[in-house]
Amino acid sequence: MEFVSEIQKFLRNGKKKWIFLVGAVAFTHILLFQSLVVPFDKLRLSDETASSENAVLRNRFSVQESDVSAASGLYVLEKTDHVSVFGNDDGQERGNSVVMMGTGSHGNDGESGLNAGVDNDIDDDEGLDDRIDLERFEDENDIVEELADSSKDRIPQGKADKQREEVSMDKYTNQVQKFESSKANLSVQNTKNVKRPTSSVVSIVGNATLTRNLHVLENGSLPISKRVKRKMRCEMPPKTVTTINEMNQILVKHRRSSRAMRPRWSSRRDEEILAAKKEIENAPDASNDRQLYAPIFRNVSMFKRSYELMERILKVYVYKEGSRPIFHTPILKGLYASEGWFMKLMEGNRHYTVKDPRRANLYYMPFSARMLEYKLYVRNSHNRTNLRQYLKEYTEHIASKYPFFNRTGGADHFLVACHDWAPYETRHHMEHCIKALCNADVTAGFKIGRDVSLPETYVRAAKNPLRDLGGKPPSQRRILAFYAGSMHGYLRQILLNHWKDRDPEMKIFGRMPRGFESKMNYIDHMKSSKYCICPKGYEVNSPRVVESIFYECIPVIISDNFVPPFFEVLDWDAFSLVLAEKDIPRLKEILTSIPEEKYLRMQTAVRKAQRHFLWHAKPEKHDLFHMVLHSIWYNRMFQAKRR
């Protein structure tokens, strides 16, 4: 009673009365808030726990796979501290790599399991199948997003992903099971009219995704933050266009003046290359050579002499560093077969390779850009930083162990990569190396006169890469122009809008159905057409360029800023048409305006050029393996400098 009377006396003062009421209301709100809000702290690992788990993972290889129940559809993203980049004993473990554990598809090919990813049997860009859905990105200013639903909705993902608290499988399974049991469609019962706080969990449950900065609304749905979607570079026409004539001028300019750095110390190998360059510039006439078809070369005499000197002088050291499967594991089948076949034939070659790096003119770094993506890229993460970091640390290891990379800044080192991401992955740390790339885009850093445009070859049978070779003679080619393929990028849709079902002579289709019959129908169309249309997809390169030559069909390349394969030695005007993207509406007009006599000359040139675009289990003179190696050698000669 005394306590109550004291309170009554206290409340007689107006000021004190208001203070008391405000305090009471605040205290009531605090209690109400704590009773309604479901704490999510249990779903988060403390800093101490996370650091202890990282310590356990310190010696684990960056890429691991584990079996997870396919019925639950559960995936967990785990971030390890180190990546074992090097396969030798003195290799160090450094860097960061994101690991994806689960039973679903790896990488971005939509294929499950290592064998499916390596085989890459049917290509989406081939016009026969749409399983492979490669994700494309802008270079430096990409909008980094994270999928909030496995269908169309996207959730922004910022730089904070690098600091995301990762949740391991064993500690997170119980929480996910509780969450799934509440409601399978991600609606949470007993949370009506309540917004839940942010969750830091990163996982995929069934067909939905929980990500950082994701809230559960009143109706249990998962809203997507409103933002203006910005088209990626691959979905828009290029801002600048370099014509084929301008490319020729750039090549001549870079032949006159090298941009490579001067060696830090002199070497006898530099003198050999510079002496060979002088001989090539003064090569004897070889226009009547029976082994080479002169019209398809820029200068057949220079090519003949350069090839002879390559066979006599060139020695290549192949680095043994690097662990499988990213290094020393060739893929001989599918869309990325070019990098695999070259790796296999180069590492097994006894004529050009040497065991002593001091005897070498060139140094080969044998990694597979396809396997790099397959093993390290976290699907739907929209982040390739760890792929580039992996190669950066490999390069740093090479530079620290051997003196050769630092002597020239990497100018006498080369790589061969066919994956679209290779220009990004090799930027900066391999910037001065000779890059043989399928994605030969002058707007993406491809250097004409130094880098090599690698032919993208789609190999259907690794044991017989020449299967179905050849085509019908010109008199039996009844189709004027043919194209079939998936709608990758912006250009192919423009092609179909103008020509699909518009003209009986123009056989322009979308993706053909799956199956053996469709595949044979596709091949038969290539063998029966005068001109085969080769439009760009997501990137400038397309396997149809080599495919057309394979089936003796004149390739019509429609891809602005694309540097055709072996641009430094071949004259593509002799056996192909290189058209601007803006010329698609005039496509038939351009093709029908070509005189029959010129068409027959071009068709003959295609058959003569075919030998330079073929893989053989045992390399043959002037075949694709030797052409790639020659272009690397040829460009190095014109870039080499004395001390």
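As the structure is a computational prediction, the values presented were derived from the model and not from experiment.
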Salt bridge (charged side-chain N to carboxylate O under 4.0 Å, His left out) partners for Lys447, two or more places apart = Glu431
request  = Please state whether the rings of Phe414 and Tyr364 are parallel, tilted or perpendicular, taking 30° and 60° as the class boundaries.
outcome  = parallel
query = Considering residues at least two apart in sequence or located in another chain, which fulfil the ring-ring contact (aromatic ring centres under 6.0 Å, His included) criterion with Phe566?
reply = Phe613
ask   = Hey, does the side chain of Ser453 reach the backbone of Val563 with a donor-acceptor pair shorter than 3.5 angstrom?
value = yes
query = Quick one: disulfide bond (SG atoms under 2.5 Å apart) partners of Cys534, sequence neighbours excluded?
reply = none
inquiry  = My understanding is that only residues two or more places apart in sequence, or in another chain, count here; which of them pass side-chain hydrogen bond (donor to acceptor under 3.5 Å, both in side chains) with Gln610?
reply    = none
message = Lys435 vs Val452, test: side-chain contact (heavy atoms from CB on, under 4.5 Å). Steps then yes/no.
response = CA-CA 6 Å; Lys435 303 178 184 180; Val452 175; over 6 Å; no
Partners passing salt bridge (charged side-chain N to carboxylate O under 4.0 Å, His left out) against Asp441 (at least two apart in sequence or in another chain) = Arg233
query = When you look at NE2 of His432, are more than 12 heavy atoms from neighbouring residues, nucleotides or ligands closer to it than 6.0 Å?
reply = no
remark   = salt bridge (charged side-chain N to carboxylate O under 4.0 Å, His left out) filter on Asp451, not counting sequence neighbours, yields none
key: side-chain hydrogen bond (donor to acceptor under 3.5 Å, both in side chains) involving Ser559 - partner list, sequence neighbours excluded   = none
note = The reported gap from CD in Glu393 to OG in Ser400 (rounded to nearest 0.5 angstrom) is 11.5 Å
ask   = Mind checking what makes salt bridge (charged side-chain N to carboxylate O under 4.0 Å, His left out) contact with Glu620, not counting sequence neighbours?
value = none
task = Could I get the full list of side-chain hydrogen bond (donor to acceptor under 3.5 Å, both in side chains) partners for Tyr551, not counting sequence neighbours?
result = Arg460
request  = Mark yes or no: Arg388 above the aromatic ring of Tyr424, with NZ or CZ under 6.0 Å from the six-membered ring centre and no more than 45 degrees from the axis.
outcome  = yes
task = Only counting residues at least two apart or in another chain, list the ones meeting ring-ring contact (aromatic ring centres under 6.0 Å, His included) with Tyr319.
result = Tyr317, Tyr402, His413
request  = Using a strict 4.0 Å threshold on nitrogen-to-oxygen distance, state whether Arg370 and Glu373 make a salt bridge.
outcome  = yes
ask   = Listed by chain and number, what are the ring-ring contact (aromatic ring centres under 6.0 Å, His included) partners of Phe562, not counting sequence neighbours?
value = none
query = Are His397 and Glu321 linked by a side-chain donor-acceptor pair shorter than 3.5 Å?
reply = no
ask   = Considering residues at least two apart in sequence or located in another chain, which fulfil the side-chain hydrogen bond (donor to acceptor under 3.5 Å, both in side chains) criterion with Thr457?
value = Ser338, Trp615
